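Remember, it's a predicted structure, so these values are computed and weren't measured experimentally. Sequence lines set the chain letters: A, B, ... in the order given, protein chains first and strands last, and positions in each chain run from 1.
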Amino acid sequence: MYDRIKGFRDFYPGEMAARRATIDVVEETARGYGFREIGTPALERAELWTDKSGDDIVDELYSFEDQGGRHVTLTPELTPTVARMVVAKQQALSKPIKWFSTRPFWRYEQVQQGRQREFYQTNVDIFGSSEPEADAEILAWAADALTGLGLTGEHFEFRISHRDILGGVLESYDTDLDTDAAIRAVDKSDKLSQVEYHDLLIGAGLTADQAAEFADLIAGGDLEDVEAFADSERVTDAVENLQNVLAAAEDFGAREYCTISLETARGLDYYTGVVFECFDSTGEVSRSIFGGGRYDDLIESFGGQPTPAVGVAPGHATLSLLCQRAGVWPEEEVQTEYYVLQVGDTRTEAARISRDLRETGHVVETDVAGRSFGAQLNYADSINAETVVIVGEQDLENDEVTIKDMESGDQIQVPVDSFPGDLERPTIDDFE
RNA sequence: UCCGGGUUGGGGUAGUGGUUAUCCUUCAGCCUUGUGGAGGCUGAGACGCGGGUUCGAUUCUCGCACCCGGACCCA
């Protein structure tokens, strides 16, 4: 016996069937918006990450030197790869560029609930539009994908904010402020006590009074208050942009899932405008389900023409947790439409029937193990076969086969020549 | 990297410093070359790995691996 690698998972057919159904919903929703699927390498040059984030990040990468002496890494996220792809063909690609992909990523991290070292994400991005409609379309896609999975507004919410609101309000204090530290404090405020939160803000350079005032303002989430308080062009523009995105989201059917939450900061990295995170409304899944936002500077920083971008990337592990808590996770079982049961030397006829049934797109199994009647029926039951076609020597003597409905146990003899005939989905009901 | 809790056939479990490790389930075959979801019989299958203590360790002990939570982190 060999052990699995920690943080890597096997998916057996039952669970995989549920995952496949979920991925299909998410991807079909993206196709419906005209997002086009792309394929990307598992391995990239490590410089894609170390150049931007420093060598410390290597600790969290599955990176190594390959036989050609290249410093490579399993990709921990899609964004740099997509940015590279956009830059490489920037002139050739018609805008806006709307891409999606579902695939695994790898990070050497501590394993926790909803977080493995190999994990799957569906990335959905729009490049080449700075209009609020692009942000709203990302939100609308995410909302459609989740509702398509059977979730409702009772199960999830998008907490939405704008990077320039926090930054702009902080800027309006005329003190020497560590803005990044303050934003980091806001991002963590959920998990901190009020005292700890205020202490962090004070540590970033605010006075105690300012910290309390700032915390109240941000927690209040009232855009007009914020705008009036900061009284700066940057904040005014940000508020207007956020309101425009929400207005578009209204038309796109996603507004009802959005809550303004200025405490949502989404880290510090490449986000530049609207940011949002999806949360479990019941609070049972404590961390955010996924996040997204606008990153208008990234393409340029990868050597391309300035190109606005907005995207989101739901992880399938947290998505699965959310669906399970909500009771809408698909049944974890395999499905089979027909089992063609052979008794005696009936392979030729059984094969013909199996092939005919598969022609019309059905899942059809037949015996490949030389098993007895009882054992075959047992197996048919175990694979959830809906209909069993018994091709037996006795039936064939009368030029018949037996159709058996597995749920009711009812069965009926039908002429072998008329099965499956022209029927798309023959069941016992067609012959009674 | 750190903290807590775990690990006995495929799954779920009982138990013990010393005979053949308990029970349920599962799987395979048979009873039954013609009827699964009922029964009977037969069979398969486990003390996570390594070191230590001991005459003897699945049991005590240490380390490691893996699992479940959590902290940090989260591009």
Check your understanding: From L166(A) CG over to S161(A) OG, what is the distance, rounded to the nearest 0.5 angstrom?
Key -> 5.5 Å
Point to revise | D125(A) versus Y295(A), side-chain donor and acceptor atoms under 3.5 Å | key: yes
Practice item. Using the ring of F276(A) (Phe, Tyr or Trp, six-membered ring only), decide whether R159(A) places NZ or CZ under 6.0 Å from its centre and within 45 degrees of its axis. Key: no
Review point. E277(A) CD to rA75(B) C1': how many Å, rounded?
Key: 14 Å
Revision key, fill the gap. Between CD1 of I390(A) and C1' of rG34(B) the distance, given in whole Å, is 7 Å
Exercise for review: Report, as yes or no, whether the 6.0 Å neighbourhood of atom CZ on R347(A) holds more than 12 heavy atoms from other residues, nucleotides or ligands.
Suggested key: no
Check your understanding: Atom CD of E60(A) to atom C1' of rC72(B): distance rounded to whole Å?
Key -> 10 Å
Check your understanding: Under 6.0 Å from the six-membered ring centre of F11(A) and within 45° of its axis: does the NZ or CZ of R19(A) meet both?
Key -> yes
Point to revise | Check: T122(A)/R103(A) side-chain N/O donor and acceptor closer than 3.5 Å | key: no
Check your understanding: Rounded to the nearest Å, what distance is computed from the CZ atom of residue F8(A) to the C1' atom of nucleotide rA65(B)?
Key -> 16 Å
Check your understanding: Ignoring hydrogens and angles, does a donor from either the side chain of Q113(A) or the base of rG69(B) sit under 3.5 Å from an acceptor on the other?
Key -> no
**Study point:** Euclidean distance, R294(A) CZ relative to I126(A) CD1, rounded to 0.5 Å
**Key:** 8.0 Å
Check your understanding: Do any N or O atoms from the side chain of S372(A) and from the backbone of A375(A) form a donor-acceptor pair under 3.5 angstrom?
Key -> yes
Practice item. Using a heavy-atom cut-off of under 4.0 Å over every strand shown, decide if L341(A) touches base, sugar-phosphate, or nothing. Key: nothing
Practice item. Mind running a 4.0 Å heavy-atom check of residues 77-85 of chain A against RNA chain B and sending the residues that fall below it, in number order? Key: E77(A)
Exercise for review: Would you mind classifying the nucleic acid contact of T402(A) as base, sugar-phosphate or nothing, using non-hydrogen atoms under 4.0 angstrom?
Suggested key: base
**Study point:** Donor-acceptor pair present, Q376(A) side chain and rU35(B) base, under 3.5 Å
**Key:** no
Review point. For Q342(A), which contact category applies under a 4.0 Å heavy-atom criterion: base, sugar-phosphate, or nothing?
Key: nothing
Practice item. Take the protein atom CD of Q394(A) and the nucleotide atom P of rU33(B), then report the distance between them rounded to whole Å. Key: 12 Å
Check your understanding: Can a donor-acceptor pair be found between the side chains of E386(A) and T336(A) at a distance below 3.5 Å?
Key -> no
Exercise for review: Calculate the interatomic distance between N123(A) atom CG and rA75(B) atom C1'; express it in whole Å.
Suggested key: 12 Å
Check your understanding: When all nucleic acid strands are considered with a 4.0 Å heavy-atom cut-off, which category describes R9(A): base, sugar-phosphate, or nothing?
Key -> nothing
Practice item. Remember a base hit wins even if backbone is also touched, and classify G114(A) as base, sugar-phosphate or nothing at under 4.0 Å, heavy atoms. Key: nothing
Exercise for review: Could you tell me whether E109(A) and R115(A) make a salt bridge, using a distance below 4.0 angstrom between a side-chain N and a carboxylate O?
Suggested key: yes
Exercise for review: Can you tell me the distance, in whole Å, between the CD atom of E118(A) and the P atom of rC74(B)?
Suggested key: 22 Å
Review point. Name the stems that RNA chain B belongs to, where each is three or more consecutive Watson-Crick or G-U pairs with both distances under 3.5 Å?
Key: B:1-7 with B:65-71, B:10-12 with B:23-25, B:26-31 with B:39-44, B:48-52 with B:60-64
Point to revise | Quiz item: cation-pi between R31(A) and F100(A), 6.0 Å / 45° | key: no
Review point. Is the centre of the Y257(A) ring less than 6.0 Å from the centre of the F156(A) ring?
Key: yes
Point to revise | RNA chain B contacts made by residues 100-110 of chain A, counting heavy atoms under 4.0 Å | key: R107(A), E109(A), Q110(A)
Review point. Ignoring hydrogens and angles, are the base of rG36(B) and the side chain of D381(A) linked by a donor-acceptor pair under 3.5 Å?
Key: yes
